[in-house]
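Report on the structure given below.
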Amino acid sequence: MIYGEIKDLNQYKGISENLDRAIEYIVNGEYKKGTPGKNVIDGDNLYFNYPSCAMTKEIEDGFFEGHKKYIDIHIVISGEENLGYTPRSEVTMKQEYDSEGDYELYDGELKNVFHVTEDRFIMFFPDEPHMALLKVGEIKEITKVIYKVLV
């Protein structure tokens with residue numbers, strides 16, 4: 001997991017070619033030109049999802065998910081959200097891996113919360129359980145994208 005400011009994303013180049021390309025798109029603000037739904041950059045190698053109505057929620061309404069094939073990079077366009085993280089060793093399997101959707105679900109106690117605004121990002125690598133769309137203050141709609149980077 002990496003949490004930081006978008007202006008500092010370039011320091012993470014060199015991990016993989018797909019991640020380097022995602023970083024370039026993010027730093028250049030390409031996600032702001034996206035449309036609701038799946039925005040394909042390079043087939044299944046690199047794309048971003050742009051939810052049409054992303055509503056924040058209470059922690060007790062959230063859920064942990066993890067991936068095996070993709071890195072997730074969460075970026076807020078307008079509004080703010082908290083994202084949670086708990087190490088894989090501290091959660092239990094709730095729903096087995098779905099290879100088509102590249103996700104599995106977990107139960108566990110939320111250990112860490114990260115505040116994401118328009119100038120910050122959070123990146124989750126495969127097998128890092130995370131909980132998205134947690135409210136900051138009141139429940140509200142936000143605009144965000146999630147880059148999917150094939151590893």
Is any side-chain heavy atom of [Y] closer than 4.5 Å to one of [X]?
| X | Y | result |
| --- | --- | --- |
| Met123 | Val149 | no |
| Ile139 | Met55 | yes |
| Tyr147 | Leu19 | no |
| Val116 | His74 | no |
| Asp127 | Glu104 | yes |
| Tyr106 | Met93 | yes |
| Asp119 | Lys7 | no |
| Ile2 | Phe125 | yes |

Looking at [X], I want to see if its [atom1] is surrounded by more than 12 non-hydrogen atoms of other residues, nucleotides or ligands under 6.0 Å.
| X | atom1 | answer |
| --- | --- | --- |
| Glu100 | CD | no |
| Lys38 | NZ | yes |
| Glu17 | CD | no |
| Glu109 | CD | no |

Same cluster (ILVMFWY, side-chain, under 4.5 Å), [X] and [Y]:
| X | Y | result |
| --- | --- | --- |
| Ile146 | Val76 | no |
| Ile77 | Tyr47 | no |
| Tyr25 | Val27 | yes |
| Phe124 | Ile75 | no |
| Tyr70 | Tyr12 | no |

Nearest atoms (heavy-atom pairs only) where [X] meets [Y]:
| X | Y | answer |
| --- | --- | --- |
| Thr56 | Glu80 | CG2-O, 4.0 Å |
| Lys68 | Val151 | O-CG2, 4.1 Å |
| Phe121 | Ile6 | CD2-N, 3.9 Å |
| Gln11 | Asp8 | CG-O, 3.0 Å |
| Leu134 | Ile59 | CD2-CA, 3.9 Å |
| Lys135 | Asn82 | O-ND2, 3.2 Å |

Please check: side-chain N/O of [X] versus main-chain N/O of [Y], any donor-acceptor pairing under 3.5 Å?
| X | Y | value |
| --- | --- | --- |
| His130 | Glu128 | yes |
| Thr143 | Ser78 | no |
| Lys69 | Ser99 | yes |
| Asn18 | Leu150 | yes |
| Asp42 | Asn45 | no |
| Asp20 | Gly14 | yes |

- [ ] Could you please spell out the steps behind the side-chain contact (heavy atoms from CB on, under 4.5 Å) verdict for Met1 and Ile122?
- [x] CA-CA 7 Å; Met1 183 210 56; Ile122 193 160; 3.9 Å; yes
TODO: Test Arg21 against Glu24 for salt bridge (Lys or Arg N to Asp or Glu O under 4.0 Å), laying out the working first.
DONE: CA-CA 5 Å; Arg21 290 180 45 226; Glu24 289 170 17; over 6 Å; no
TODO: List the steps and the verdict of side-chain contact (heavy atoms from CB on, under 4.5 Å) for Leu105 and Tyr103.
DONE: CA-CA 7 Å; Leu105 301 178; Tyr103 72 91; 4.0 Å; yes
Task: Steps toward side chain to side chain donor-acceptor pair (under 3.5 Å) verdict (Asp102, Tyr97) - done: CA-CA 7 Å; Asp102 184 44; Tyr97 181 67; 2.7 Å; yes
- [ ] For side-chain contact (heavy atoms from CB on, under 4.5 Å), just list the numbers for Ile142 and Leu133, CA-CA rounded to whole Å, side-chain angles, deciding distance to a tenth of an Å, and then say yes or no.
- [x] CA-CA 9 Å; Ile142 65 169; Leu133 289 170; 3.7 Å; yes
Open item on the list: If you apply the rule side-chain contact (heavy atoms from CB on, under 4.5 Å), what do you find for Asn39 with Glu30, and how did you get there?
Closed with: CA-CA 11 Å; Asn39 292 255; Glu30 294 296 321; over 6 Å; no
Look up atom [atom1] in [X] and atom [atom2] in [Y], then write down how far apart they are to the nearest 0.5 Å.
| X | Y | atom1 | atom2 | result |
| --- | --- | --- | --- | --- |
| Arg88 | Phe64 | CZ | CZ | 11.5 Å |
| Thr35 | Tyr50 | OG1 | OH | 8.0 Å |
| Lys111 | Met131 | NZ | CE | 12.0 Å |
| Asn112 | Leu83 | CG | CG | 12.0 Å |

Open item on the list: Tell me if the centroids of the rings in Phe114 and Tyr3 come within less than 6.0 Å of each other.
Closed with: yes
